[in-house]
Amino acid sequence: QVQLVESGGGLVQAGGSLRLSCASSGLTFSTYTMGWFRQTPGKEREFVARISWNNGVTNYADSVKGRFTVSRDNAKNTVYLQMNSLQPGDTAVYYCAAGNRVIFWSRSTNYNYWGQGTQVTVSS
């Protein structure tokens, strides 16, 4: 059974930082593209970042580029999202996702497995 478990969310003031973690089990982690998405009430799930399975290529949404960094530790089956210079607009539930043979990495439908999400709240 595949499980993705996010942690590290919380309440932070604008300008602060958080580091999200997503621990996986039940899959061959090193062969999966890992993505981070976020969602606010009434809106669709939004792509944030992804890291490829094979060579560590990363991509980011324009809204987080230069502030967020995605990384992975295949030995620990874990993907991370370092979030700096947080803004109130970053407030959302953040989800990690795992996808096999992902082509359109910004599309949530391309990912096979999802975590339960972790709340990030940025106060002004």
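The figures here come from the full heavy-atom set of this structure, side chains too, leaving out hydrogens, waters and symmetry mates. We number each residue from 1, following the sequence as shown.
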Say you draw a straight line from OH of Tyr95 to SG of Cys22; how long is it, rounded to the nearest 0.5 Å? 13.0 Å
Should Met34 and Val2 be regarded as members of a common hydrophobic cluster, given that ILVMFWY residues are connected when their side-chain heavy atoms come within less than 4.5 Å of each other, either directly or indirectly? yes
Has Asn110 got a side-chain atom pairing as donor or acceptor with Phe104's backbone, closer than 3.5 angstrom? yes
Per the side-chain contact (heavy atoms from CB on, under 4.5 Å) rule, which among Asn74, Val70, Leu20, Asp73 passes with Val79? Val70
Are Val64 and Val120 connected in the hydrophobic side-chain network, where two residues link if heavy atoms are under 4.5 Å apart? yes
Side-chain contact, heavy-atom cut-off 4.5 Å: Arg50 with Val102? no
With sequence neighbours excluded, tell me which residues meet salt bridge (Lys or Arg N to Asp or Glu O under 4.0 Å) with Lys65. Asp62
Determine yes or no for a side-chain-to-main-chain donor-acceptor pair under 3.5 angstrom, with Arg45 supplying the side chain and Gln39 the backbone. no
Arg107 (side chain) donor-acceptor with Ile103 (main chain) under 3.5 angstrom: no
Looking at CD of Gln87 and OG of Ser124, how far apart are the two atoms once the value is rounded to the nearest 0.5 Å? 12.0 Å
CG on Leu86 to OG1 on Thr91, rounded to 0.5 Å: 8.5 Å
Approximate separation, where rounding is to 0.5 Å, of Gln82 CD and Phe68 CZ: 9.5 Å
Going only through I, L, V, M, F, W and Y residues with side-chain contacts under 4.5 Å, is there a path from Tyr111 to Trp36? no
For Asn112, does its backbone N or O pair with a side-chain atom of Asn100 as donor and acceptor, under 3.5 Å? no
So, taking the atom named CG in Asn84 and the one named CG in Leu18, what distance separates them when rounded to the nearest 0.5 Å? 9.5 Å
Verify same cluster id: Phe47, Tyr60 (apolar side-chain graph, 4.5 Å): no
Note: Gln119 and Ala92 closest approach over all heavy atoms is NE2-O, 3.4 Å
Nearest heavy-atom contact between Pro88 and Ala14 is CD-CB, 4.1 Å
Can you find a pair of side-chain heavy atoms, one from Ser123 and one from Thr121, that are under 4.5 Å apart? no
Within 45° of the axis and under 6.0 Å from the centre of the six-membered ring of Tyr80, does NZ or CZ of Arg19 qualify? yes
Trp114: ring pair (Phe, Tyr, Trp, His ring centres under 6.0 Å) partners, not counting sequence neighbours: Phe37
State whether the side chain of Ser52 and the backbone N or O of Val57 hold a donor-acceptor pair below 3.5 Å, judged by distance alone. yes
Looking at Phe29, does the NZ or CZ of Arg72 lie under 6.0 angstrom from its six-membered ring centre and within 45 degrees of the ring axis? yes
Is it the case that the side chain of Glu6 and the backbone of Cys96 share a donor-acceptor pair, with hydrogens and angles ignored and the cut-off at 3.5 Å? yes
Measuring from atom OG1 of Thr78 to atom CG of Leu4, what distance do you get when rounded to the nearest 0.5 angstrom? 10.0 Å
Treat each ILVMFWY residue as a node, draw an edge where side-chain heavy atoms are under 4.5 Å apart, and state whether Leu27 and Ile51 are in one component. yes
Which of Val48, Thr118, Leu81 passes side-chain contact (heavy atoms from CB on, under 4.5 Å) with Arg38? It is Val48
